[in-house]
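Okay, structure first, notes after.
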Amino acid sequence: MIDEKKEYEYGGLLINGFAMIFFTFILLPCLIAGCIIAGGDENLWLSAGCSSVLGLLFIIGCVGYFTQEPNEARVMIFFGKYKGTCRNVGYFWTNPFVSRRKLSLRLRNMDIEPIKVNDKVGNPVLIGMVLVWRIKDTYRAVFDIDSASLGATGTAVSNAALERFVRIQSDAALREVTGHYAYDQSGTDENELTLRDGGSEINELLERKINDRLAMAGMEVVEARLNYLAYAPEIAAVMLRRQQASAIISAREKIVEGAVTMVDMALKRLESDNVVKLDNDRKAAMVSNLLVVLCADEPAQAIVNAGQ
């Protein structure tokens, strides 16, 4: 038994459109003309009856044609009852009393403009993303979405209504994901996953969250990717100074580490080459002078000791 709440293939009347054109516009007019000529005055009522029936078939035959391209589908509805989804490509004729709601199954892009969200530690950030999505289940896309609540007119689901639904659900998923991660590392844990460094992990989680929300409406996200990430304007200046301070500290650590290595190498080289014999006091003074020279921001000024 067919589950009427799920999409299935249309199994009703579907005739090649070119064959139906021959029948409607060539064969039927010839039959009508033949009935009129053959009936004459003697069989007037019989001729009129046959002509009326054939004329009615001609009128019905003029309706029901449709053309369908690749990656398109039509939801077939017969007096309010779902009869299946037609995905066949070509030119067809079907029962004219069956309404056909056209849907595009092609990939669509959507650019979600940056929104202001608080990250894991409460900092307001601006974050945006780009989506690639498409319709997967035509039954749900047509019958499970209330177009009126999304600002659409009429009973059919329009492209604008579908896009608005995707935009609202994507916005909610983006807020949810952002709230689970900090913008940048906030502690000593170097393995902490952040929005700035998360990369593919954040995108995969975002794609999964959006798909969970869109599945109810028969749509799926093929790709979701962050395309904008920045601190909100009210804290951007403060966070910039914080980042600059972190960069300065990291640079200083590298400078001190290199300076200590160079001083140690200099003392060992002086001793091994017997250049000079230094006691502990002179070693301490030399170490102090070398560290000042190597760690200073400005070039050291040479002082020549000319003696007294």
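The structure displayed is predicted, hence computed values, not measured ones. Basis for what follows: all heavy atoms, side chains included, without hydrogens, waters or symmetry-related copies. Numbers for residues simply follow the sequence, beginning at 1.
Between the CG atom of Leu162 and the CD1 atom of Ile135 there is a distance of 5.0 Å, given to the nearest 0.5 Å. If you take CE on Met219 and CZ on Arg213, they are separated by 13.0 Å, rounding to the nearest 0.5 Å. Rounding to the nearest 0.5 angstrom, the gap separating the OG atom in Ser99 from the CE atom in Met76 is 8.5 Å. For the atom pair Ile210 CD1 and Leu205 CG, the distance stands at 9.5 Å (nearest 0.5 Å). Atom OG1 of Thr178 and atom CG of Leu195 lie 5.5 Å apart (nearest 0.5 Å). Atoms CZ and CD, on Arg164 and Gln169 in that order, are 11.5 Å from each other to the nearest 0.5 Å.
Side-chain contact check for Leu214 versus Phe165: some heavy-atom pair is nearer than 4.5 Å. Side-chain contact between Glu223 and Asn109: absent, with no pair of heavy atoms (C-beta onward) separated by less than 4.5 Å. Tyr183 has its side chain within reach of Val125: a pair of non-hydrogen atoms, C-beta onward, lies under 4.5 Å apart. Residues Met20 and Phe92 fail the side-chain proximity criterion, which asks for heavy atoms closer than 4.5 Å. You'll find the side chain of Arg100 stays beyond 4.5 Å of the side chain of Gln68, heavy atoms only.
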Side chain to side chain contact (heavy atoms under 4.5 Å, CB included) assessment of Arg134 paired with Val222
CA-CA 8 Å; Arg134 63 185 175 189; Val222 179; 4.0 Å; yes
Between Asp184 and Asp119, is a side chain to side chain contact (heavy atoms under 4.5 Å, CB included) present by the stated rule, with each step listed?
CA-CA 10 Å; Asp184 204 353; Asp119 66 0; over 6 Å; no
Quick one, Leu174 with Leu226, criterion side chain to side chain contact (heavy atoms under 4.5 Å, CB included). Give me CA distance, side-chain angles, the key distance, then yes/no.
CA-CA 9 Å; Leu174 182 59; Leu226 297 180; 3.9 Å; yes
Evaluation steps, side-chain hydrogen bond (donor to acceptor under 3.5 Å, both in side chains), between Asn227 and Asp111
CA-CA 9 Å; Asn227 66 342; Asp111 186 8; 3.3 Å; yes
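For Met110, the side chain to side chain contact (heavy atoms under 4.5 Å, CB included) partners are Ile112, Leu131, Trp133, Glu163, Val166, Arg167, not counting sequence neighbours. Take Phe79 and apply the side chain to side chain contact (heavy atoms under 4.5 Å, CB included) test, not counting sequence neighbours, and it matches Phe97. Remark: Asp197 pairs with no residue by the salt bridge (charged side-chain N to carboxylate O under 4.0 Å, His left out) rule, at least two apart or across chains. Not counting sequence neighbours, the partners of Lys209 by the salt bridge (charged side-chain N to carboxylate O under 4.0 Å, His left out) test are Glu176. Taking the ring-ring contact (aromatic ring centres under 6.0 Å, His included) definition, one finds that Tyr91 meets it with Phe18, Tyr65, sequence neighbours left out. For Arg208, the salt bridge (charged side-chain N to carboxylate O under 4.0 Å, His left out) test picks out no residue, with sequence neighbours left out. Not counting sequence neighbours, the partners of Val89 by the side chain to side chain contact (heavy atoms under 4.5 Å, CB included) test are Pro70. Residues meeting the side chain to side chain contact (heavy atoms under 4.5 Å, CB included) test with Ser104, sequence neighbours left out: Arg106, Arg108. In this structure Asp171 satisfies the salt bridge (charged side-chain N to carboxylate O under 4.0 Å, His left out) test together with Arg175, sequence neighbours excluded.
One hydrophobic cluster, built from ILVMFWY side chains closer than 4.5 Å, cannot hold both Leu13 and Phe78; they sit in different ones. Under a hydrophobic-cluster definition in which Ile, Leu, Val, Met, Phe, Trp and Tyr are linked whenever side-chain heavy atoms come within less than 4.5 Å, directly or via other members, Tyr10 and Val142 are assigned to different clusters. In this structure, Phe66 is not a member of the same hydrophobic cluster as Tyr82, with clusters built from ILVMFWY side-chain heavy atoms closer than 4.5 Å. Placement of Ile115 and Leu206 within a single hydrophobic cluster is found when ILVMFWY residues are connected by side-chain heavy-atom separations under 4.5 Å, directly or transitively. There is no path of hydrophobic side-chain contacts, each under 4.5 Å, that joins Val98 to Trp93.
In the hydrophobic clustering, Val63 connects to no other residue, as no ILVMFWY side-chain heavy atoms lie under 4.5 Å from its own. Alongside Tyr228, the hydrophobic cluster contains Leu126 (criterion: ILVMFWY side chains under 4.5 Å).
Listed here is the closest heavy atom pair of Ala141 and Leu103: CB-CD1, 4.5 Å. Shown here for Ile60 and Pro96, the closest heavy-atom pair between the two residues is CG2-CG, 3.6 Å. Counting all heavy atoms, side chain and backbone alike, Leu105 lies closest to Ala73 at CD1-CB, 3.9 Å. Smallest separation of non-hydrogen atoms from Ile145 and Ala217: CD1-CB, 3.6 Å. Across every non-hydrogen atom of Lys116 and Glu234, the tightest pair is NZ-OE2, 3.3 Å.
Judged as a side chain to side chain donor-acceptor pair (under 3.5 Å), the pairs with a partner in residues 253-267 (not counting sequence neighbours) are, in order, Asp264-Lys268.
Side-chain N or O atoms of Glu7 include one that pairs as donor or acceptor with a backbone N or O of Thr138 at under 3.5 Å.
For Glu113, the CD atom is loosely surrounded, since the number of other residues' heavy atoms within 6.0 Å does not exceed 12.
Checked against the 6.0 Å centroid criterion, the rings of Tyr139 and Tyr8 do not qualify as a close aromatic pair.
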